[in-house]
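In the text below, chain A, chain B and the rest are named by the order of the sequence lines, each starting its count at 1. The figures here come from the full heavy-atom set of this structure, side chains too, leaving out hydrogens, waters and symmetry mates.
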Protein chains: 2
Amino acid sequence: MLEPVKISKALSEPIRYKIMLLLVNQYSREGPQCCSSSTEGVCNCEIMAEFGMIQSRVSYHMKELTEAGLVTEKPFGKWKYYSLNTETLKDYVTRLGMDFKL
Amino acid sequence: MLEPVKISKALSEPIRYKIMLLLVNQYSREGPQCCSSSTEGVCNCEIMAEFGMIQSRVSYHMKELTEAGLVTEKPFGKWKYYSLNTETLKDYVTRLGMDFKL
DNA sequence: TTATCATATCAAATAATTTTGATATATGCA
DNA sequence: TGCATATATCAAAATTATTTGATATGATAA
């Protein structure tokens, strides 16, 4: 069941919106990274590096995004890869269109 | 210039989302109202009546919605009529589609 | 003008969210 | 097993958002 208010809230935090943009564009950064590059998504520590955030802060925001259904998690060994759930975004957009007769 | 984070925040508050729904469906309620019924929109005091909110609270939320560009205000005498700005919503939806490649 | 009504604004109180540092859990490897 | 690494969780602090009651502004009408 789609909750447009919850999805709006997830998108309403600037750093979370930036993380979403990072996920859609895939991570590409030079130098050593904690997890091996993957086409499966972007890992926690890559997000830390990209935005200079500490680990618990990244973890918190990824949980918010995941619980809103905007991001899916894929554990791989000790890492976790995140990717966009575009279906939720599509449903959200559709719902706004219906609710507000766009 | 469209600010998707700001629009998301405006939509992320439950009572604001309900007010938006009220605006799109137009107000229709029995009994005495403070302002005369209008096709131009819904007035502050009608929103107070609909949700049992005090005046300053309604005023605060209408300001949030207006500043996000989601609602337009139309002063009429001592009243003010609010209506949805569907253009902003359409632009928001378009922007999400582009940002996240939907 | 004065009284009344609708809305706006303000400061203080309350509530919700976010950030941080510490610690816990879980996996992989020597 | 024991150690290192990646992520999760927790409690406290910091920040931001919302609510409230009081007062201000601005328009109407007597």
Q: Once you round it to whole Å, what is the distance between P of C/dT19 and CE of A/M48?
A: 14 Å
Q: Counting any heavy atom closer than 4.0 Å, what does B/C35 reach on the DNA or RNA strands: base, sugar-phosphate only, or nothing?
A: nothing
Q: Once you round it to whole Å, what is the distance between C1' of C/dT18 and CG of A/L11?
A: 17 Å
Q: Within this structure, what is the CE-to-C1' distance between A/M53 and C/dT20, rounded to whole angstrom?
A: 12 Å
Q: Under the 3.5 angstrom rule, does the side chain of B/E67 hit a backbone N or O of B/E64 as a donor-acceptor pair?
A: no
Q: Can you give one letter per nucleotide of nucleotides 25-30 of chain D, 5' to 3': B if a protein heavy atom sits under 4.0 Å from the base, S if only from the sugar-phosphate, - if neither?
A: --SS--
Q: Between B/T88 (side chain) and B/G69 (backbone), is there a donor-acceptor pair under 3.5 Å?
A: yes
Q: Grab the NZ-P distance between A/K6 and C/dA16 for me, whole Å please.
A: 16 Å
Q: Please confirm whether the backbone N or O of B/K90 pairs with a side-chain atom of B/T94, one donor and one acceptor, at under 3.5 Å?
A: yes
Q: Sugar-phosphate atoms are those with a prime plus P, OP1 and OP2; base atoms are the rest. Using that split, label each nucleotide of nucleotides 8-16 of chain D B, S or - for protein heavy atoms under 4.0 Å, 5' to 3'.
A: BB-------
Q: Please say which of A/L22, A/L65, A/I47 ends up in a side chain to side chain contact (heavy atoms under 4.5 Å, CB included) with A/Y82.
A: A/I47
Q: Could you grab the distance from atom OH of A/Y92 to atom CG of A/L11, nearest 0.5 Å is fine?
A: 5.5 Å
Q: What is the distance from CD of B/E46 to C1' of C/dC5, rounded to the nearest Å?
A: 15 Å
Q: Looking at A/P4, is its backbone amide N or carbonyl O close enough to the side chain of A/S8 to form a donor-acceptor pair, meaning the two atoms are under 3.5 Å apart?
A: yes
Q: Any donor and acceptor pair, going by atom type alone, linking the side chain of A/R16 with main-chain N or O of A/K9 inside 3.5 Å?
A: yes
Q: Return no unless some side-chain N or O of A/H61 is found under 4.0 Å from OP1 or OP2 of C/dT17.
A: no
Q: Using only the SG atoms, establish whether B/C35 and B/C45 come within less than 2.5 Å of one another.
A: no
Q: Give the rounded distance in Å between these two atoms: CD1 of B/I19 and P of C/dT7.
A: 13 Å
Q: Applying the 4.5 Å side-chain criterion to the ILVMFWY set and letting contacts propagate, would A/L23 and A/I15 be lumped into a single cluster?
A: yes
Q: Check the distance between C/dT18's P and A/I54's CD1 and give it to me in whole angstrom.
A: 15 Å
Q: From CH2 of B/W79 over to C1' of C/dT4, roughly how many Å is that when rounded to an integer?
A: 13 Å
